[in-house]
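What follows is a short report on a single structure.
The residues of the chain are indexed from 1 along the displayed sequence. This one's a predicted model, so the numbers in the text were calculated from it and none came from an experiment.
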Amino acid sequence: MIDTFQQALPHGITLSCRAAGQPGRPVLLFLHGFPEAAFVWDVLLVHFAQPEHGGYRCVAPNLRGYERSSAPTEVSAYRAKPLVQDLTALIDVITQDSPTPGQLAALVAHDWGGALAWSVAARFPAAMRRLAIVNAPHPATFQRELANSPTQQASSAYMNFLVRPDAAALLAENDFARLWPFFTNMAADSGPMAWLDETTRERYREVWSQGLQGACAYYAASPLRPPTASDTGAAAVQLPRERVAVNVPTLVIWGLGDTALPQALLDGLDGYVADLRIKRVAGATHWIVHEQPRQVAALIGDFLSP
């Protein structure tokens, strides 16, 4: 059973959350990406709440700017520092009655949630025992590929649309006609791993109808985007290793059919993550959490096992 609640944080932000499992148990925190919402984790929340799968307290927030979470209007409110502040504050709240106050059993994250999770793990390693990343590039390898790889620059060209001030309004037009291809271009509605049925579409419509400005602001606030004639983008970014090194045991799950994030992003990752294991999944795309939730749960379950 999924519970929903509004979690107020001390710095004035409220995150709408979905959860399963008994309070007082070790906590797993799940972070979604763009253009999704917390509900994408429901199968995993229920799975890991079950005693035979660890009996965890599982929490998935809608990130700042999504669904019914706080959605400040300033682009600066979506820079890394305030977003990380949301997550560290949330971790403190949801673990206060756990066996390890202030520390998650694991942080599990995909896409933009993964970008934030890499930052939390690098800056606050004591906040988690383990980190599980699903198709979300480490900031250093992403910066490298965006600055230097024509393949990655082409794959990420959509980011330069999403930074436009009118992007949210354009995405909402004609029943979100510009948003569905994020899914359908990776066979979400056809083929053996199809998952985008009408029920799921309606869940997305419900989320997107509550506003897309915050979701787009993540892109506008970040310098990690492909360079253009008028914007140096990622080419101007420098990320010293000591700022982005992760010293938490880390699992990276990567659907190899991800056309937005080619697996070259995994090259050199072990130079930033001391304790790393990578599971490449053939026949899966960026949307592997929708396509193969049981496979994702099994891989994470193995990682969490003593």
Quiz item: Between H286 and H110, what is the ring plane arrangement, given parallel below 30°, perpendicular above 60°, and tilted in between?
Solution: tilted

Quiz item: Which heavy atom in Q143 sits nearest to a heavy atom in V237, and how many Å separate them?
Solution: NE2-O, 3.1 Å

Quiz item: Is any side-chain heavy atom of S156 less than 4.5 Å from a side-chain heavy atom of F142?
Solution: yes

Practice problem: Verify whether the ring centers belonging to F183 and Y204 lie closer than 6.0 Å. | Solution: yes

Exercise. Specify the closest pair of heavy atoms between E145 and Q153, including all atoms of both residues, with the distance to one decimal.
Key: O-CG, 4.5 Å

Quiz item: So L266 and I278, side chain to side chain contact (heavy atoms under 4.5 Å, CB included) or not? Walk me through it.
Solution: CA-CA 9 Å; L266 301 175; I278 298 175; 4.0 Å; yes

Quiz item: Taking a hydrophobic cluster as the set of Ile, Leu, Val, Met, Phe, Trp and Tyr residues connected by side-chain heavy atoms closer than 4.5 Å, whether directly or through intermediates, do V40 and M193 fall within one such cluster?
Solution: no

Quiz prompt | R225 and D231 ion-paired at < 4.0 Å | solution = yes

Quiz item: For the residue pair L224 and L146, what are the closest heavy atoms and their distance?
Solution: C-CD1, 3.6 Å

Quiz item: Can you tell if the side chain of W118 reaches within under 4.5 Å of the side chain of V244, non-hydrogen atoms only?
Solution: no

Practice problem: Mark yes when over 12 heavy atoms from residues, nucleotides or ligands other than R129 sit less than 6.0 Å from its CZ; otherwise mark no. | Solution: no

Exercise. State whether W41 and R18 meet the cation-pi test: NZ (Lys) or CZ (Arg) under 6.0 Å from the six-membered ring centroid, and within 45° of the perpendicular axis.
Key: no

Self-check item: Heavy-atom closest contact (R25 atom, R57 atom, distance)
Solution: CB-N, 3.8 Å

Practice problem: May I ask you to decide if R64's main-chain N or O and S70's side chain share a donor-acceptor pair within less than 3.5 Å? | Solution: no

Practice problem: Kindly state whether the ring of F182 and the ring of W287 have centres lying under 6.0 angstrom apart. | Solution: no

Practice problem: Would you check, one step at a time, whether the test side chain to side chain contact (heavy atoms under 4.5 Å, CB included) holds for F161 with R178? | Solution: CA-CA 11 Å; F161 167 77; R178 290 180 175 87; 4.0 Å; yes

Quiz item: Do the side-chain N and O atoms of S16 and N62 include a donor-acceptor pair separated by under 3.5 angstrom?
Solution: yes

Practice problem: Check whether NZ of the Lys or CZ of the Arg R277 lies under 6.0 Å from the centre of the six-membered ring of F303 and within 45 degrees of that ring's axis. | Solution: no

Quiz item: Just by distance, do the side chain of T95 and the backbone of G102 share a donor-acceptor pair under 3.5 Å?
Solution: yes

Quiz item: What do the steps show when you test L63 against L83 for side chain to side chain contact (heavy atoms under 4.5 Å, CB included), and what is the final call?
Solution: CA-CA 8 Å; L63 298 176; L83 297 174; over 6 Å; no

Quiz prompt | Which atom of I94 lies closest to which atom of V27, heavy atoms considered | solution = O-CG2, 3.4 Å

Practice problem: Taking D111 for its side chain and F34 for its backbone only, find out whether a donor-acceptor pair lies under 3.5 Å. | Solution: yes

Self-check item: Residues I91, F124; criterion side chain to side chain contact (heavy atoms under 4.5 Å, CB included); working and verdict
Solution: CA-CA 11 Å; I91 290 168; F124 303 98; over 6 Å; no

Quiz item: Counting only heavy atoms not in Q22, do more than 12 sit closer than 6.0 Å to its CD atom?
Solution: no

Quiz prompt | Shortest non-hydrogen contact between Y272 and A140, atoms and distance | solution = CZ-CB, 3.4 Å

Exercise. Enter the distance from L28:CG to L44:CG here, rounded to the nearest 0.5 Å.
Key: 9.5 Å

Quiz item: Side-chain contact, heavy-atom cut-off 4.5 Å: P227 with T232?
Solution: no

Quiz prompt | H138 side chain vs L269 backbone, donor-acceptor pair below 3.5 Å | solution = no

Exercise. Take T200 and D197, measure what side-chain hydrogen bond (donor to acceptor under 3.5 Å, both in side chains) needs, and give me the verdict at the end.
Key: CA-CA 5 Å; T200 307; D197 56 19; 2.7 Å; yes

Quiz item: Salt bridge check: are E206 and R203 linked by an N-O gap of less than 4.0 Å?
Solution: no

Quiz item: Is the shortest heavy-atom distance from the side chain of S222 to the side chain of W112 under 4.5 Å?
Solution: yes

Practice problem: Ignoring hydrogens and angles, tell me if any N or O in the side chain of W254 forms a donor-acceptor pair with the backbone of L261 under 3.5 Å. | Solution: yes

Exercise. Could you tell me whether the side chain of T100 and the main chain of Q103 form a donor-acceptor pair under 3.5 Å?
Key: yes

Quiz item: Can any side-chain N or O of E291 pair as donor or acceptor with the backbone N or O of T285 at less than 3.5 Å?
Solution: yes

Quiz item: Hey, are E74 and R79 close enough for a salt bridge, meaning a charged N less than 4.0 Å from a carboxylate O?
Solution: no

Self-check item: Side-chain heavy-atom pair L179, L212 within 4.5 angstrom cut-off
Solution: yes

Self-check item: Polar side-chain atom of T250 near backbone of L276 as donor-acceptor pair, under 3.5 Å
Solution: no

Quiz prompt | Side-chain donor/acceptor of W180 to backbone N/O of R201, under 3.5 Å | solution = no

